[in-house]
Trainee: 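What follows is a structure written as structure tokens; I'll ask about it next.
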Amino acid sequence: MSYEAEISRTNPSLVLFLIDQSKSMSHKLPGGERSKAQEASDAVNRQIGEFVLRCTKSDGIRDYFHIGIIGYGYVTGKAGSILKGGTVHPISSLASSTLRVEKRQIKVADGSGGTTDAEYDFGVWFDPVANGDTPMCKALAIARDTIKDWTEQHSSSYPPIVINITDGQATDGDPAKLTTEIFNMKTADGVPLVWNCHLSSNPAVPISFPAFESELPDDKYARSLFTMSSELPSQYVGYAREMQIDIKDAARAYVFNAQLEQLVQFIDIGTRGPQGQMQ
Amino acid sequence: MLTVNEFHRSKTGNTSEEYEDAYASDSTSGVFAVADGATESSFSDVWAKALVKTFVENPPGFVTNDRDVMKGILQLARAQWYSSIDWTSLPWFQKNKAMLGSYSTLLGLQIDLLDEKRRFRCMTIGDSCMFHITGERMESFPFSDSTDMSNTPRLMWSGRGFTGAQGKEVDIPGIEVKYGKLRVGDRIVLATDAIAKWMLKHKADKPWQELLSHGGDFDSYVGGLISSGQVKNDDVTLVFITVT
């Protein structure tokens with residue numbers, strides 16, 4: 001069985017976020033109050049905060065995860081690490097290198113059936129950008145090279161995970177070739193997982209985790225992202241079903257026309273596998 | 001009279017500072033406790049220590065209702081947990097985590113040494129276990145078989161880590177209680193889940209004898225059981241009590 005490697009400080013896991021920073025990401029995301037770029041950056045910052053939280057112990061933070069955030073389109077034709085100082089960062093170094101920490105309020109269960117207000121610190125590692133075109137191939141090439149190095153150095157680790165959040169078609173070639181190259185790599189625990197989330201600009205019904213091309217609209221772009229997405233390992237199918245998502249066994253790690261709810265679910269399910277394997 | 005021997009080790013690969021079980025004993029008063037702090041929460045080691053210390057330092061009367069005993073322990077231990085953490089010096093991410101509170105099992109045993117029949121009461125929340133050995137016979141509590149143990153044991157919660165939350169009561173999960181009597185020569189073993197599960201799996205083979213025969217060499221013996229996959233890699237705590 002794959003996707004069962006225990007994650008520990010000596011056997012960490014790699015998660016790469018790819019964020020579309022093209023001009024059209026400035027449009028509002030249906031279901032939310034803000035632009036696609038803002039909702040995407042908020043969702044990814046929140047997830048990194050969740051990784052930090054999971055890895056935090058009384059004596060500090062344990063490097064169970066190494067994280068990269070690759071932006072593309074911040075300047076036309078450009079892609080690169082959003083985080084300063086290289087593409088991959090151990091979670092402990094991220095915890096101490098936020099852009100800023102914001103105070104936010106949440107309602108939490110009080111342990112005796114009620115709720116109470118609590119203030120917590122929300123780490124921000126990057127701000128939204130919506131500026132240029134969509135050089136997705138350049139971003140995937142960086143991901144491929146990073147995964148190649150990673151899998152050579154961590155041959156028995158939980159397979160790397162790539163989470164690509166975009167609202168447009170690649171403007172620099174065919175990205176499917178690059179994901180095929182990523183799928184040709186592996187650790188002893190399996191092949192890297194590539195997740196693609198297409199953010200919508202209109203309130204059309206989203207298509208979450210389709211299993212067959214026939215479920216997609218007649219859209220070349222949708223078919224391309226579908227083929228670029230991993231077939232979900234059975235564990236992930238289970239996580240989606242726990243969230244009451246109607247999903248088939250051969251579902252792909254892909255959401256077409258995602259609104260805010262699907263974006264949040266997508267990142268949650270996409271990162272549950274390695275979090276469940278923490279030693 | 002009671003003779004007590006204790007053994008503990010951190011999960012293989014972790015340092016001794018990362019040990020999140022806890023134990024406390026007062027053989028003169030006949031009070032013992034073990035706890036297993038949940039690794040998913042932070043400051044679980046502090047919480048586990050607060051629970052066992054509170055139990056042993058505040059031995060409950062035999063006539064006190066089980067639930068009231070746990071309620072009292074919980075209240076005192078929560079205050080101790082909260083005051084043990086230097087909240088102002090925590091970096092933002094540690095504060096976020098600590099605010100979620102800490103979780104731990106608790107098993108408390110009290111033996112009435114003034115009573116001729118040496119009555120005992122054992123109370124547990126979660127999967128820390130007690131084994132009562134009389135001659136060649138071993139009774140286990142709260143599980144009779146290793147397959148009864150789940151991956152999601154009941155846990156005591158410290159409550160959330162901010163001032164307003166400390167005043168609020170938190171629910172106490174289901175308490176398992178066992179009463180019994182002890183004879184001279186009887187042994188009691190208190191164990192956290194990983195080694196307790198191994199004892200339950202080998203219940204027909206007098207597992208306490210195997211453990212006692214490695215009394216001087218527990219660390220490498222238990223380490224061997226872990227590396228061979230017989231015991232889950234986890235913190236291990238064992239307390240042996242012999243009635244003499």
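Throughout, a chain's letter reflects where its sequence line sits, starting with A, and its residues are numbered from 1.
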Trainee: Which atom pair, heavy atoms only, marks the closest approach of B:K97 to A:L53?
Mentor: NZ-O, 2.6 Å
Trainee: Taking A:S58 for the side chain and B:F43 for the main chain, is one N or O donor matched with an acceptor at less than 3.5 Å?
Mentor: yes
Trainee: Are there over 12 heavy-atom neighbours, none belonging to A:K186, within less than 6.0 Å of that residue's NZ?
Mentor: no
Trainee: Counting distance only, does the side-chain N/O of B:N96 pair as donor-acceptor with the main-chain N or O of A:Y120 below 3.5 Å?
Mentor: no
Trainee: Given the options A:C55, A:G49, A:G60, A:S96, which has more heavy-atom pairs under 4.5 Å with chain B than any of the others?
Mentor: A:G60
Trainee: Take a 6.0 Å sphere around CD of A:E102 and say whether it holds more than 12 heavy atoms from other residues, nucleotides or ligands.
Mentor: yes
Trainee: Measure the spacing between NZ of A:K57 and OG of B:S41 and express it to the nearest 0.5 Å.
Mentor: 7.5 Å
Trainee: More than 12 foreign heavy atoms under 6.0 Å from CD of A:Q105: is that the case here?
Mentor: yes
Trainee: With a 4.5 angstrom heavy-atom cut-off, which part of B:L100 approaches chain A: side chain, backbone, both or neither?
Mentor: side chain
Trainee: Determine the option with the most heavy-atom pairs under 4.5 angstrom with chain A, choosing from B:K95, B:E18, B:E17, B:E20.
Mentor: B:E18
Trainee: Out of curiosity, A:R100 CZ to B:W92 CH2, how far, rounded to the nearest 0.5 Å?
Mentor: 12.5 Å
Trainee: Between A:E6 and B:K11, does a salt bridge (charged side-chain N to carboxylate O under 4.0 Å, His left out) hold up when you go through it step by step?
Mentor: CA-CA 14 Å; A:E6 277 200 338; B:K11 178 178 182 169; over 6 Å; no
Trainee: Which heavy atom of A:R9 sits nearest to which heavy atom of B:N14, and what is that distance?
Mentor: NH2-OD1, 3.0 Å
Trainee: Tell me whether the count of non-hydrogen atoms from other residues, nucleotides or ligands lying under 6.0 Å of CG in A:D246 goes above 12.
Mentor: no
Trainee: Under a 4.5 Å heavy-atom cut-off, does chain A meet the side chain of B:S44, its backbone, both or neither?
Mentor: backbone
Trainee: So what's closer than 4.5 Å to chain B heavy atoms on A:T10: side chain, backbone, both or neither?
Mentor: neither
